[in-house]
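Below is one structure, written out as structure tokens, with a few remarks after it.
Reckoned from all heavy atoms, side chains included, excluding hydrogens, waters and symmetry mates. Ligands are counted one by one from 1 in listed order, and the atoms in each one are counted from 1 as well.
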Amino acid sequence: MKIVLKNLTKKFPNRNKKAGGDVIAVNNFDFEIPDGTLVGLLGPSGCGKSTTLNLISGLETPTEGSIFFGEDDVTKLPPENRGVGLVFQSYALYPHLTVFKNIQFPLENLRGSEKLTKEEMEKRVNEAAKLVQIDMLLERKPSELSGGQQQRVAIARALVKMPRVLLLDEPLSNLDARLRLQTREEIRRIQKETNITTVFVTHDQDEAMSISDIIVVMKDGMVQQIGKPQEVYDNPVNLFVAKFLGTPPINVFEGEVKENKLFINNEAVLDIKNVDNRKVFVAIRPEGFIPSSSGALTCNLGRLEVMGRDVSIVSTHPSSLNDTIRSIVNSESIVSENLKEVKFDLKPNKVYIFDHDTEERIIFEV
Ligand code: ATP
């Protein structure tokens, strides 16, 4: 089931009368989510991710715009008539009911032509439980489950009604680091097996990048960029997106283009074509540095962090906007920690420049 968002806008009245105006939580969101894809909605706190999800689910009504599931205009439908499965950060399971009863609960409320017999319900519960691999825990109460298992019950409960669309709002936030990794892979597997169009909200870029077919990066209610995770990482449209994606984060410097050369401080770090003389922000991915005794960019060496296969060189530079610069190199190109300075050549495809005022990307040739 494809989901179409047309000029979707949500404004909330500003309770702070002095500040005036409405809070625009979602601003003119236009997007068609292809059938069967997993879309990661990504952005910092307050950027409008949850509001977008709530608009799709029907928990919020848009101020402007419309939402279609396939060809059906669902904009005015209440949540219970949209055919959505919802999973939130808190599992919200009924503590006094067994896992089986918790999963069955949404089916008990079905009426009319949708009403199911006891046997049909049992079959559906067993199928959903099997899908999320908790079929051996059906007789337990939620308090007898781990956090990860409880979240699986919540997912099974969302799936049992065979929703047209699955909506997940920060479903992994309450899990510890290892379980987060495991459960996000589980979510991906379940989504692939069921082929349900899924929207997944997270502020964690690693999480979104690793399981999404498409990511949507948002800021202040506005969509910044939509694309496959690798495409967005490789081709950020603006400085915000470049900074938001990647661990360790991208390294940003004040820079200048002068006569077809890119300068950081007084060093020409790259020959570039097709850009007029101007001030820019230069952003370099951690994997874009090549240590070299004759390198173009000189940084003050801080320390080395050995991470097995790779080494992270931590340094500083007067033109850097980050407190420290992190460059990831393989352990063979290790530099001596006794040196005061470290010099780098740069990989041109890992260097981005952005307009100093608009922070929009400037495409250059080498
Ligand atoms: P988080 O990751 O912190 O949950 P988010 O990206 O999901 O953030 P939203 O919850 O969608 O962000 O909120 C977007 C903006 O709308 C925020 O500025 C928030 O304060 C505001 N907002 C959300 N709900 C309401 C409401 N009911 N009334 C007024 N403002 C609201």
Side-chain angles (χ1 to χ4, degrees), residues 3 5-31 33 38-67 74-76 78-79 82 84-92 147 151 154-155 158 165-177 180 183-184 187 198-212 214-227 229 232 236-247 249:
I3 306 174
L5 310 179
K6 281 194 185 160
N7 309 322
L8 201 62
T9 298
K10 179 67 184 178
K11 297 178 184 169
F12 292 107
N14 199 336
R15 299 205 192 285
N16 179 353
K17 293 280 182 288
K18 279 194 196 135
D22 293 332
V23 177
I24 307 179
V26 179
N27 197 346
N28 224 345
F29 196 155
D30 243 336
F31 183 36
I33 303 174
L38 194 161
V39 170
L41 275 187
L42 179 63
S45 181
C47 72
K49 306 178 295 288
S50 296
T51 306
T52 304
L53 205 77
N54 292 343
L55 290 169
I56 299 174
S57 71
L59 293 174
E60 296 280 4
T61 45
T63 315
E64 284 162 45
S66 43
I67 303 167
V74 299
T75 317
K76 297 207 164 74
R82 291 194 184 192
V84 292
L86 284 167
V87 179
F88 296 102
Q89 176 178 348
S90 65
Y91 325 123
Q151 193 53 295
I155 296 170
V165 167
L166 183 62
L167 304 172
L168 306 146
D169 194 348
E170 302 268 7
L172 310 177
S173 300
N174 284 353
L175 306 180
D176 68 39
R180 279 181 85 112
T183 314
R184 79 186 190 197
I187 288 175
T198 300
V199 184
F200 182 101
V201 161
T202 178
H203 62 272
D204 179 334
Q205 50 99 18
D206 267 346
E207 207 162 275
M209 299 269 289
S210 64
I211 67 166
S212 310
I214 299 174
I215 55 169
V216 177
V217 184
M218 296 181 74
K219 179 193 171 201
D220 299 336
M222 306 268 277
V223 171
Q224 303 294 301
Q225 192 165 0
I226 298 177
V232 180
V237 294
N238 60 31
L239 185 59
F240 173 82
V241 175
K243 287 200 309 199
F244 201 75
L245 298 185
T247 32

Identify all side-chain donor-acceptor contacts of residues 240-247 below 3.5 Å with residues at least two apart in sequence or on another chain.
unit_1 : atom_1 : unit_2 : atom_2 : d
Thr247 : OG1    : Asp206 : OD1    : 3.4

Any Leu5 side-chain heavy atom under 4.5 Å of Ile67 side chain: yes

Distance-only polar pair, side chains of Asn238 and Gln224, donor-acceptor under 3.5 Å: yes

One line per pair, note the atom names and distance for all nitrogen or oxygen contacts under 3.5 Å between ligand 1 and the protein.
unit_1   : atom_1 : unit_2 : atom_2 : d
ligand 1 : 2 (O)  : Lys49  : NZ     : 2.9
ligand 1 : 3 (O)  : Ser45  : OG     : 2.6
ligand 1 : 6 (O)  : Gly46  : N      : 3.4
ligand 1 : 6 (O)  : Cys47  : N      : 3.0
ligand 1 : 6 (O)  : Gly48  : N      : 3.0
ligand 1 : 6 (O)  : Lys49  : N      : 3.1
ligand 1 : 6 (O)  : Lys49  : NZ     : 3.0
ligand 1 : 7 (O)  : Ser50  : N      : 2.8
ligand 1 : 7 (O)  : Ser50  : OG     : 2.8
ligand 1 : 8 (O)  : Gly46  : N      : 2.7
ligand 1 : 11 (O) : Thr51  : N      : 2.9
ligand 1 : 11 (O) : Thr51  : OG1    : 2.5
ligand 1 : 12 (O) : Gly48  : N      : 3.3

Close side-chain approach of Leu172 and Phe200, heavy atoms under 4.5 Å: yes

Sequence-distant partners of Pro79, side chain to side chain contact (heavy atoms under 4.5 Å, CB included), two or more places apart: Leu59

All side chain to side chain donor-acceptor pair (under 3.5 Å) counterparts of Asp169, not counting sequence neighbours: Ser50

